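Heads up, the thing below is written out as structure tokens.
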Amino acid sequence: MSAGRPFLACACFFSDNVFVGRYGLHVRYRDEGQLRRDHGRALRERGCRSEEDFRAALREIEAEVQRRKQLIHQSVERKAIISKCYKRKHPEVYILQDSFLAPDFLEIVRYCTSSDAHLHGLLRYIESFSDKRIYRLPVFTEEFCQAFMDELENFEQSDMPKGRPNTMNNYGVLLNELGMDETFITPLREKYLQPITALLYPDLGGACLDSHKAFVVKYSLHEDLDLSSHYDNAEVTLNVSLGKDFTEGNLYFGDFSQDPTPMPKYIEIEHVGAQGLLHRGGQIHGALPIASGERWNLIIWMRSSAIRNQLCPMCNKKPELVEAEGFGDGFTETLEDDAPETVNLCSLW
């Protein structure tokens, strides 16, 4: 937590960036009339042409909004059940150890924590892609990735309750519900990743990433094949390919969401097992379909309250703060006298 202050969410979570999967479109939803006015044309262009089509899309949107309204309560319930009833197969993977981390990654961290560390020196250790500030670096050992995926599959095959990682991914695991936030993800962010992001992304709060959302997503031929174009609710994202055997499914990156161009240039980047990609959360990106096999990816959305308290990255407005559980969406109440008043969640609806 940030200096003892609770983390919060922005009220736009309950209305903005609702993904309509059948049409690959993000929409803002307040009511049916607003949806028709603001998104009717885009929906028609994507094949939503009949009134029946529109009604089906509306039901999908309203179900997602309802899911978000119940999310906090349901997540707390799931986490309690998992903590009490789930039998871990590899309990050792829940507590971060240096032995899980690739030797080259530890060398990068040592450099970044040295007194004379600087950006150009860091760039000698990692791979850089184009001018989009996307970087590849080793993160874990292959042995850890295998044990971690084995644990995830054990959980997936259990009868424990499971939450969706996010609006766009139907298959995967929320790591806070599995009990990995405090003993694995938080120390990974604070001790190892933040010295790196401080040099790579100082303008995005890279030196003060004080919260996160971490989850694992799974792609396979009979489940989620790909991921539509989007940007993350994060200042900085780490995406680690944990492995399994698969073909195709490259990531692609376009413009920065806050600086779009008329003719965006896209680049494709291949997944490399046990290695991670660091990129700006606002970088528009997606994943192409896999052609065979199965792939697991660890995603960590890292957030800086000092940055997002000024402007919510999802609605591009001063955040309207609402209560949240755990790290919420990384917002905190500011200490100034003009800090916005926290809104009770129930009062929104």
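Side chains are part of it too, since the values below use all heavy atoms of this structure and drop only hydrogens, waters and symmetry mates. Since the structure is predicted, the reported quantities are computational estimates derived from the model, not experimental observations.
Looking only at distances, a side-chain donor or acceptor of Q194 sits under 3.5 Å from a matching main-chain atom of L209. No donor-acceptor pair under 3.5 Å is formed between the side chain of E235 and the backbone N or O of G206. Looking only at distances, no side-chain donor or acceptor of H39 sits under 3.5 Å from a matching main-chain atom of A42. Listed for the R189 side chain is no donor-acceptor partner under 3.5 Å among the backbone atoms of M302. At least one donor-acceptor pair under 3.5 Å links the side chain of N309 to the backbone N or O of T332. Although no hydrogens or angles enter the test, the distance criterion places a donor-acceptor pair under 3.5 Å between the side chain of Y201 and the main chain of R133. Side-chain N or O atoms of N17 include none that pairs as donor or acceptor with a backbone N or O of R28 at under 3.5 Å. Side chain of S83 to main chain of K79: no donor-acceptor pair is present (N/O by atom type, distance under 3.5 Å, no hydrogens or angles). A distance-only check finds no donor-acceptor pair linking the side chain of K317 to the backbone of P313 [under 3.5 Å].
Within the 4.5 Å cutoff, the side chain of P195 has no heavy atoms near those of the K191 side chain. Side-chain contact between C312 and F331: present, with at least one pair of heavy atoms (C-beta onward) separated by less than 4.5 Å. With contacts defined as side-chain heavy-atom distances shorter than 4.5 Å, the pair T141/L101 does not qualify. Looking at D181 and F327, their side chains come closer than 4.5 Å, going by heavy atoms from C-beta outward. Put simply, the side chain of Y125 reaches to within 4.5 Å of the side chain of E107, judged on heavy atoms. S128 is not listed as a side-chain neighbour of R136, based on a closest heavy-atom distance of 4.5 Å or more. A heavy-atom distance below 4.5 Å is found between the side chains of I108 and C112. Using a 4.5 Å heavy-atom cutoff, the side chains of M160 and C85 are in contact.
Counted within 6.0 Å of CD on E52, heavy atoms from surrounding residues, nucleotides or ligands total 12 or fewer; the atom is thus considered open. Atom CD of E270 is surrounded by 12 or fewer heavy atoms from other residues, nucleotides or ligands within 6.0 Å.
Centroid-to-centroid, the aromatic rings of Y135 and F129 stay 6.0 Å apart or farther. Taking the ring centroids of H230 and H285, they lie under the 6.0 Å cut-off.
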### Query
How far apart are the C-alpha atoms of L298 and F140, what are their side-chain angles, what is the distance that settles it, and do they pass the side-chain contact (heavy atoms from CB on, under 4.5 Å) test?
CA-CA 11 Å; L298 167 64; F140 298 117; 3.7 Å; yes
### Query
After noting the C-alpha distance and the side-chain angles of L288 and E268, does the key distance pass the side-chain contact (heavy atoms from CB on, under 4.5 Å) rule?
CA-CA 9 Å; L288 297 170; E268 277 189 40; 3.5 Å; yes
### Query
Run the side-chain hydrogen bond (donor to acceptor under 3.5 Å, both in side chains) check on S241 and N297 step by step: do they pass?
CA-CA 5 Å; S241 178; N297 286 71; 4.6 Å; no
### Query
Stepwise, does the side-chain contact (heavy atoms from CB on, under 4.5 Å) test hold for Y231 with H26?
CA-CA 11 Å; Y231 58 92; H26 286 87; over 6 Å; no
### Task
Please report the C-alpha distance between L238 and I299 in whole Å, then the side-chain angles of each, then the deciding distance to 0.1 Å, and finally whether the side-chain contact (heavy atoms from CB on, under 4.5 Å) criterion is met.
CA-CA 6 Å; L238 175 68; I299 313 294; over 6 Å; no
### Task
Could you check D116 against Y111 for side-chain hydrogen bond (donor to acceptor under 3.5 Å, both in side chains), going step by step and ending with a plain yes or no?
CA-CA 8 Å; D116 57 349; Y111 172 77; 5.7 Å; no
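Contact between L251 and A287 at its shortest, heavy atoms only, is CD2-CB, 4.0 Å. Between F7 and S211, the shortest heavy-atom distance links the atoms CE2-CB, 3.6 Å. Between L96 and P187, the shortest heavy-atom distance links the atoms CD2-C, 4.1 Å. Nearest heavy atoms, F184 versus V93: CD1-O, 3.2 Å.
Rounding to the nearest 0.5 Å gives a distance of 9.5 Å between OG of S99 and CD of E92. Note: D16 CG to N233 CG = 11.0 Å, rounded to the nearest 0.5 Å. Remark: Q283 CD to K132 NZ distance equals 5.5 Å, nearest 0.5 Å. To the nearest 0.5 Å, atom CG of residue L193 and atom CD1 of residue I185 are 9.0 Å apart. Of the inter-residue distances, the one linking M149 atom CE with E294 atom CD reads 8.5 Å to the nearest 0.5 angstrom.
Put simply, L199 and F105 are part of the same group of oily side chains (I, L, V, M, F, W, Y) that touch within less than 4.5 Å, one to the next. Both V173 and I82 are assigned to one and the same hydrophobic cluster, defined by single-linkage of ILVMFWY side chains at heavy-atom distances under 4.5 Å. Residues I95 and L175 fall into different hydrophobic clusters, defined by Ile, Leu, Val, Met, Phe, Trp and Tyr side chains chained together at heavy-atom separations under 4.5 Å. Grouping the Ile, Leu, Val, Met, Phe, Trp and Tyr side chains by contacts below 4.5 angstrom, directly or via other members, places W296 apart from I269. Cluster membership for I300 and I126, using ILVMFWY side-chain heavy atoms within less than 4.5 angstrom, is shared.
Annotation: cation-pi geometry not satisfied between R46 and Y23 (NZ/CZ under 6.0 angstrom from ring centroid, within 45° of ring axis).
Paired with D329 under the rule salt bridge (Lys or Arg N to Asp or Glu O under 4.0 Å), one option of R303, R308, R68 passes, and it is R303.
Look at R67 and E64 and you find a salt bridge, because one of the NZ, NE, NH1 or NH2 atoms lies within 4.0 Å of a carboxylate O, short of that distance. Salt bridge absent: R36 and D31 never bring a charged side-chain N and a carboxylate O closer than 4.0 Å.
Sequence neighbours left out, not one pair with a member in residues 44-73 passes ring-ring contact (aromatic ring centres under 6.0 Å, His included). Within the structure, every pair that satisfies the ring-ring contact (aromatic ring centres under 6.0 Å, His included) test and touches residues 75-103, not counting sequence neighbours, is listed here: Y86-F155, F100-F144.
Using a 3.5 Å distance cut-off with no hydrogens or angles, the side chains of S75 and E177 do pair a donor with an acceptor. Under 3.5 Å, the side chains of D210 and S305 contain a donor-acceptor pair of N or O atoms. Between R37 and Q34, the side chains place no donor N or O within less than 3.5 Å of an acceptor N or O (distance only, hydrogens not considered).
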